[in-house]
Amino acid sequence: MFLASLLLGASAVASVHAASSSFPAGVIATGTQGVTNPPVPTMPTTINQTSMARLLSLNSIDDFCLFAPPTGPSVIGNTETEEVAWCTKPRNGARVIPDGTITGVTFLKTDFYVQIMGTGDFTKLNIQSGDQGGELDPHGATGAGNPVGGNVTTNIVDGLDEPIAEWMLYIDFNQFCVRACTNANSTYAAEFMCWHELDEMGCEFVMPGVYNPPGTFESCDADVAYPPGWYPTATVAGTTSFSTFAQFFTGVFTGADGQPTPFTVGDTVTPSAPFSTPSSSNCVTQATISNGIALASLSSGAVGTAPPTNLPTGGASGSPGATRGTSAAASQGSPSGKMLLFPCIC
Ligand SMILES: *[C@@H]1O[C@H](CO)[C@@H](O)[C@H](O)[C@H]1NC(C)=O
Ligand SMILES: *[C@@H]1O[C@H](CO)[C@@H](O)[C@H](O)[C@H]1NC(C)=O
Ligand SMILES: *[C@@H]1O[C@H](CO)[C@@H](O)[C@H](O)[C@H]1NC(C)=O
C-alpha cells in the first residue's frame, strides 16, 4: 500500500520534473522553498536591489549567485541568518551583482558537485572591507539554513533547474567558494561531500581545486575531491577506508536548566592541507563576465528592468594583491564558527 502510493507519487512528480527521480537519495531538496524566494528559478526577473530573495542558481561561469548581506558594511559572521542572493544575471527576483565586482571566476563541473571559486570586491555586496568571512549552508543553528530560507539550484546535471539539498558557500570581502552537491554513492553521501562543519578551514581546504589569481575566468571539468576533512588510509579489496578531521572547537553550551557548560569537540591537531587537489580538464577561458546592466543609473534601492545601455566591463577593478581572507589562517577565530558548530553537539 505504502509502496504503491510512493510509486504513484514519484511518477506524478516525474511528469513535471522529469529527471529528479534518477538522483540518489539525499541529493534533491524535497522541502519547501524559502518564504522570500520565487517558487522556481526564473530569468529574467525585474531588478530589485533591495530584494530579500534567497535563491541561488549555480549554472555556469556567468550565471550564478552568491549570498551576501542585505545592508552594509556588514561582517558575514554577524549576518549569516539574513544574507540575500546576489546574481550575475537578473534572475530569481534577487539582486544583481554589479559589473566589475567579480575579478576572477573558476567554474568546475564534477561528477559529484558543481563548484565555483572567485575573487572580487565584495564590499560592493555589503561585506565590510577586511572581513574574514564565514560559511553558509542549509543547516545553521536552527536547522532552517544560514541564511534562513536560503536555497540552491543547478542545471548542470540534466539541463533542468534541480533543487539541491546540500551546499556550502564561503565568502569574505575579496574571495568566495561555493559547492552544490549533485550526486552521491555509498561511499560519498551528499551531506559529506558538502560537509558544513569546517567553517574555519577556508576555501582551499574545504573545496580543493585549481585556484586561479584574479583576472582569470575559466570553466572546467574537474576530478572529484575527497569529502572535506576525509583522508584515505588504506584500500583493501577495492574498498577505501578514511580518517576524518573534525574542526577543533571549545565553547560554552547553555542547557535547558540555564547553566553554562563548557565543551570541546574536534581534533586537537589541525591538518594544513587536504589530502589532494583534484585536477581540472577541458578548461575554457574567457576575458571576463558582465551583464551590461547599468545599475549605477538606478538609485540605491531602485527597481527597474534596465536593458543593457552602455556596457561596463567587469574584471578591471579589484585588488589582485589583496590577502586571501577565506584562507585557513586568516579565518581562524572567525565568529561564524561559533554559531555553526552548535548543531553538532546534539
Ligand atoms: C530550502 O531550504 C530549506 C532549509 O535548508 C530546506 O529545508 C528546503 O528543502 C529547501 N527547499 C528547496 C526547494 O530547495
Ligand atoms: C523589492 O524587494 C523588497 C524586499 O523583498 C520588496 O519589499 C519590494 O516590494 C520589492 N519591489 C518590487 C517592485 O518588487
Ligand atoms: C563513489 O564515487 C567515488 C568517486 O567517483 C569513487 O571513488 C568510489 O569508488 C565510489 N564508490 C562506490 C561504492 O562506487
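Every number for a ligand or one of its atoms is a count from 1 in the order of the listing.
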Short side-chain donor-acceptor distance under 3.5 Å, Asp111 and Asn183: no

With sequence neighbours left out, what residues match Pro232 under side chain to side chain contact (heavy atoms under 4.5 Å, CB included)? Tyr226, Thr240, Phe242, Phe275

Working for side-chain contact (heavy atoms from CB on, under 4.5 Å), residues Glu166 and Met193: CA-CA 8 Å; Glu166 298 289 346; Met193 193 54 89; over 6 Å; no

Please confirm whether the backbone N or O of Gln49 pairs with a side-chain atom of Arg95, one donor and one acceptor, at under 3.5 Å? yes

Any idea which part of Asn185 is under 4.0 Å from ligand 3, heavy-atom wise: side chain, backbone, both or neither? side chain

Any idea which residues sit under 4.0 Å from ligand 1, heavy-atom distances? Ala29, Gly31, Thr32, Gln33, Pro138, Ala144, Gly150, Asn151, Pro163

I'd like to check which ligand 3 atoms, numbered from 1 as shown, lie under 4.0 Å from a non-hydrogen atom of Tyr188. 3 (C), 4 (C)

Assign the ring pair Trp167 / Phe67 to parallel, tilted or perpendicular, where the plane angle (0 to 90°) is split at 30° and 60°. tilted

Pair up each side-chain donor or acceptor in residues 55-64 with any protein partner under 3.5 Å, not counting sequence neighbours, and list the distances.
from  : atom 1 : to     : atom 2 : distance (Å)
Ser57 : OG     : Arg91  : NH1    : 3.3
Ser57 : OG     : Asn92  : ND2    : 3.0
Ser57 : OG     : Thr153 : OG1    : 3.0
Asn59 : OD1    : Asn155 : N      : 3.0
Asn59 : ND2    : Asp63  : OD2    : 3.3
Ser60 : OG     : Asp62  : N      : 3.4
Ser60 : OG     : Asp62  : OD1    : 3.1
Ser60 : OG     : Asp63  : N      : 3.2
Asp63 : OD1    : Arg91  : NE     : 2.8
Asp63 : OD2    : Arg91  : NH2    : 3.0

Tell me the contacting part of Thr50 for ligand 2: side chain, backbone, both, or neither, using a 4.0 Å heavy-atom threshold, strictly below. both

Under 4.0 Å from any heavy atom of Phe112, which atoms of ligand 3 are there? 1 (C), 2 (O), 4 (C), 5 (O)

Applying ring pair (Phe, Tyr, Trp, His ring centres under 6.0 Å) to Phe192 and not counting sequence neighbours gives Trp195, Trp230

For side-chain contact (heavy atoms from CB on, under 4.5 Å), just list the numbers for Ile164 and Thr182, CA-CA rounded to whole Å, side-chain angles, deciding distance to a tenth of an Å, and then say yes or no. CA-CA 7 Å; Ile164 300 300; Thr182 55; 4.2 Å; yes

Taking only heavy atoms of Ser186, which atoms of ligand 3 are found under 4.0 Å from at least one of them? 13 (C)

